[in-house]
Amino acid sequence: MSVISEIVAARAVILARMAAAARAAARPLDSVRLVAVSKQQSDDRIEAMLATGQREFGENRVQEAQARWGIRRAAWPDLKLRLIGPLQTNKAEEAVTLFDAIDSLDRPKLAAALAAAAQKLGRCPDILVQVNTGEEPQKAGIVPAEADALIQAARDAFGLPVRGLMCIPPADEPPAMHFALLAKIAARNGLGELSMGMSEDFETAIRFGATYVRVGSALFGARAAISKT
Ligand SMILES: *Cc1c(COP(=O)(O)O)cnc(C)c1O
């Protein structure tokens with residue numbers, strides 16, 4: 001099979017599984033959107049994915065995303081790029097310049113840096129707060145007990161457009177409890193967007209209310225072995 005036919009087929013399968021999961025949860029089909037996680041994927045797969053009509057992409061590193069999308073942005077004006085990986089404050093301006101959404105706000109200092117960058121650049125991406133639902137020390141995200149305060153500070157003190165929450169459950173636990181916790185924190189803060197669910201668990205995430213699922217390997221195929229995240 002050619003790359004394009006592989007990608008077309010893989011995307012059709014994922015969209016059908018998303019639709020079935022939404023239907024099973026009695027949710028409207030258009031209430032869940034697919035974020036194609038393009039990190040570490042080759043140019044031919046990226047071009048093939050664009051040719052399918054997919055427009056929303058997730059990247060976990062600023063520099064890598066610039067290299068992949070900096071030029072393509074101009075050719076695809078309806079592209080939506082989401083930063084789904086941790087962000088250092090010294091890259092806040094680059095991130096605000098490139099991304100339409102930053103899904104990994106996880107500390108007050110970063111909220112301040114994003115607000116300053118948005119002010120300076122005259123544009124502000126949508127913001128999701130990343131919650132470390134498993135309280136894993138090596139993982140980014142605010143711990144659940146401090147999430148409400150960060151959400152309020154980001155919105156009220158820094159004026160950021162906080163739309164929702166993102167989480168990455170621990171790899172070695174059933175994800176359902178983590179998805180339920182994220183949905184609960186979002187609900188009590190009046191937030192509508194939930195970015196949760198990856199290749200292995202997006203159907204469960206849809207059952208628990210995901211509005212974005214972030215799918216990489218099940219959509220593009222295995223990533224190049226540059227690094228593991
Ligand atoms: C890489 C990555 C994904 C996609 O993972 P797959 O298992 O390949 O679907 C989703 N979310 C984040 C934050 C990632 O870093």
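Hydrogens, waters and symmetry mates are skipped; everything else that's a heavy atom, side chains included, is used. Residue numbers start at 1 and run along the sequence shown. When a ligand or atom number is given, it counts from 1 through the structure's own listing order.
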Pick from E59, M198, M166: the one approaching atom 10 (C) of ligand 1 most closely through a non-hydrogen atom: M198

Test of proximity, G216 against ligand 1: N or O pairs below 3.5 Å: yes

Option among I151, L160, L128, L87 that satisfies the side chain to side chain contact (heavy atoms under 4.5 Å, CB included) test with L105: L160

Any N or O of E200 closer than 3.5 Å to N or O of ligand 1: no

Neighbour count above 12 (heavy atom, 6.0 Å) for K80 NZ: no

Main-chain N/O of L34 paired with Q54 side-chain donor or acceptor, under 3.5 Å: yes

Q40, R68, R82 screened by side-chain hydrogen bond (donor to acceptor under 3.5 Å, both in side chains) with E59, the one that passes: R68

Under 3.5 Å: donor-acceptor pair, side chain of R17, backbone of F202: no

Ligand 1 versus I168: contacting region, heavy-atom distance under 4.0 Å: side chain

Per-atom contacts of ligand 1 with V215, taking only distances under 4.0 Å to non-hydrogen atoms: 9 (O)

Contacting atoms of ligand 1, where contact means under 4.0 angstrom from a heavy atom of S217: 6 (P), 7 (O), 8 (O), 9 (O)

Close approach of K39 to ligand 1, heavy atoms, under 4.0 angstrom: yes

CD (E173) with more than 12 external heavy atoms under 6.0 Å: yes

For R214, the ligand 1 atoms whose distance to one of its heavy atoms is below 4.0 Å: 4 (C), 9 (O), 10 (C), 11 (N), 12 (C), 13 (C)

